[in-house]
Amino acid sequence: MRFLQAPASVYLNSSQCSKPQFTGAKFVDKHILQQSSAINTSLRSDYETTVSHITCRKRRLNSVSATPASLEADASSLLTIEAENDVLKALAQIVDPDFGTDIVSCGFVKDLLVDDVSGEVSFRLELTTPACPIKEVFEKQANEVVAALPWVQNVKVTMSAQPAKQLYSAQLPAGLQTISNIIAVSSCKGGVGKSTVAVNLAYTLAGMGARVGIFDADVYGPSLPTMVSPENRILEMNPEKKTIIPTEYLGVKMVSFGFAGQGRAIMRGPMVSGVINQLLTTTEWGELDYLVIDMPPGTGDIQLTLCQVVPLTAAVIVTTPQKLAFIDVAKGVRMFSKLKVPCVAVVENMCHFDADGKRFYPFGRGSGSQVVEQFGIPNLFDLPIRPTLSASGDSGMPEVVADPQGEVAEIFQNLGVCVVQQCAKIRQQVSTAVMYDKSIKAIKVKVPDSNEEFLLNPATVRRNDRSAQSVDEWTGEQKLQYGDIPEDIEPEEIRPMGNYAVSITWPDGFSQIAPYDQLQSMERLVDVPQPIPA
């Protein structure tokens, strides 16, 4: 995610501006100014220091016409800025473990207010998601580090989350523009408990404080109507907007073909793809932090349509211990890899059961760990064989809701934390993958899941466009000539396009789609240009 930085005006360059000394809760400079009624010799040095600070902030002051009142006001303003700077330095000690960056650099600190006379400090921590698993830790640490400042008497911290919005919402249907993360739960094989994982994951995320929706993409055999029990079991239509109003159960929004009054579909693949597209994109989802998609089994037209139409953030893979399950699941993982959708976790269902103090593995072991090892998926979760887990799927109440303190709920809690953390990392990587550095007139590229960072000449990127406007699709002849692009061309805007490409807008109005793979193959800048002075 692209984070909004704290206002630059609250920082002072320590190498250029000396910091006034303070004792206790009040600054010495302000105390002197409040007690003096005229500018005497001893105050002249303070006045010169004040002018120096004002100059550092690019504020001009005529020293001849200055009055004691104006000097006091300017000094008070600067001392407040120094106090804000101290608070930000204290908060910069807190590091987000997912990003490896302090919360100030991440842009989490908002609405900072400081009263250096009373020693009161208030601010808001705006996190990437309301389901942040360590939000209480952040709040506690923020209170402690700011309260440790010698002049601070009272600290007030409020917590919030960034508004739900896709990274590139302008290119999406209206119904999907206010959904932050879309999670595909897939197995590519039927009968492994994929719907059970999808529903329980959704309610786990909701229990963590997130706004959640579930989309049942299996038109041939929808499971959602059996697994949940909403009062309204029929989807309604907004007659004015011609949009679908999702049904709700325990605060989670849901859409399924089974709620359309049609039961199970009997239709050909292309028709099913159209139905799924219509159900998903014309639904009034509202603001959601996570939309969980229960994918149908297989790797055919329906799955490809979903992956290409919907900006999937990540995928969770469900398997069982049998070797046959691994073979099918491997196909699905390869499909997501081709479409640049990162798989963040593997759930191995029906792994084991405990009896007589021993643990038994009736279906063998190793399918889940084999997926993790072969495809480099970072997290593996084992679900035990539990009669209650199966029964809850038939009763209409998810297991994590029926028994929130049980073993199964704890496993799903760990899965939910994993999904939240991985989605935050992915959004941050995607938002900063390709950026234009105006100071060196170069495009910086750091592809997600790669530690390599390199520079490209904007003109090189523009000349390597492979769209129909630049290359004849039939003959392969290059329409765009080298000389058509000026050497000093600069991009006007760079926006993410899913997890695989960026959209670059150029001064002539042309919008270029540049996949990461193509950017990695271009000629790179070896000699890094020197920054151009502002």
If you look only at pairs with a residue in residues 203-230, which of them pass as a salt bridge (charged side-chain N to carboxylate O under 4.0 Å, His left out), with sequence neighbours excluded?
R211-E287, R211-D289

Please say which of V114, V109, V145 ends up in a side-chain contact (heavy atoms from CB on, under 4.5 Å) with V87.
V114

Residue list, salt bridge (charged side-chain N to carboxylate O under 4.0 Å, His left out) with K446, at least two apart or on another chain
none

Restricting to ring pair (Phe, Tyr, Trp, His ring centres under 6.0 Å), what partner residues turn up for Y361, sequence neighbours left out?
H352

Could I get the full list of salt bridge (charged side-chain N to carboxylate O under 4.0 Å, His left out) partners for D294, not counting sequence neighbours?
K194

Can you check side chain to side chain contact (heavy atoms under 4.5 Å, CB included) on I443 and Y436, steps first, answer last?
CA-CA 4 Å; I443 295 176; Y436 180 63; 3.9 Å; yes

In Å and rounded to the nearest 0.5 Å, what is the CE to CE distance from M335 to M295?
5.0 Å

Indicate whether any N or O donor in one side chain lies under 3.5 Å from an N or O acceptor in the other, for Y290 and T313.
no

Ring pair (Phe, Tyr, Trp, His ring centres under 6.0 Å) against F363, all qualifying residues, sequence neighbours excluded
none

Does any pair with a residue in residues 409-421 pass side-chain hydrogen bond (donor to acceptor under 3.5 Å, both in side chains), and if so which ones, sequence neighbours excluded?
none

Are V185 and V318 packed together at the side-chain level, in the sense that at least one heavy-atom pair is separated by less than 4.5 angstrom?
yes

Partner residues of K340 under the salt bridge (charged side-chain N to carboxylate O under 4.0 Å, His left out) criterion, sequence neighbours left out:
D517

Test: side-chain hydrogen bond (donor to acceptor under 3.5 Å, both in side chains). Region: residues 138-150. Which pairs qualify, not counting sequence neighbours?
none

Nearest heavy-atom pair of A424 and T128: which atoms, and what distance?
CB-OG1, 4.1 Å

Nearest heavy-atom neighbours spanning G368 and T319
CA-CG2, 4.0 Å

Who are the side-chain contact (heavy atoms from CB on, under 4.5 Å) partners of T243, not counting sequence neighbours?
N238, K241, E284

Between L280, L312, T283, which is the residue that forms a side-chain contact (heavy atoms from CB on, under 4.5 Å) with L291?
L280

side-chain hydrogen bond (donor to acceptor under 3.5 Å, both in side chains) with Q520: which residues, sequence neighbours excluded?
none

How many angstroms lie between CG in D102 and CG in L91, if you round to the nearest 0.5 Å?
9.0 Å

Flag yes if more than 12 heavy atoms outside E453 fall under 6.0 Å of its CD atom; otherwise flag no.
yes

Considering all heavy atoms of both residues, which atom of V157 and which atom of A142 are nearest to each other, and what is their separation?
CG2-CB, 4.4 Å

Drop me the distance from L519's CG to I504's CD1, to the nearest 0.5 angstrom.
6.0 Å

Just jot down the salt bridge (charged side-chain N to carboxylate O under 4.0 Å, His left out) partners of R524, sequence neighbours excluded, or say none.
E452

Could you list all the side-chain hydrogen bond (donor to acceptor under 3.5 Å, both in side chains) pairs where at least one residue sits in residues 380-399, not counting sequence neighbours?
R386-E407, T388-E399

Shortest non-hydrogen contact from P398 toward Y203:
CG-CD1, 3.7 Å

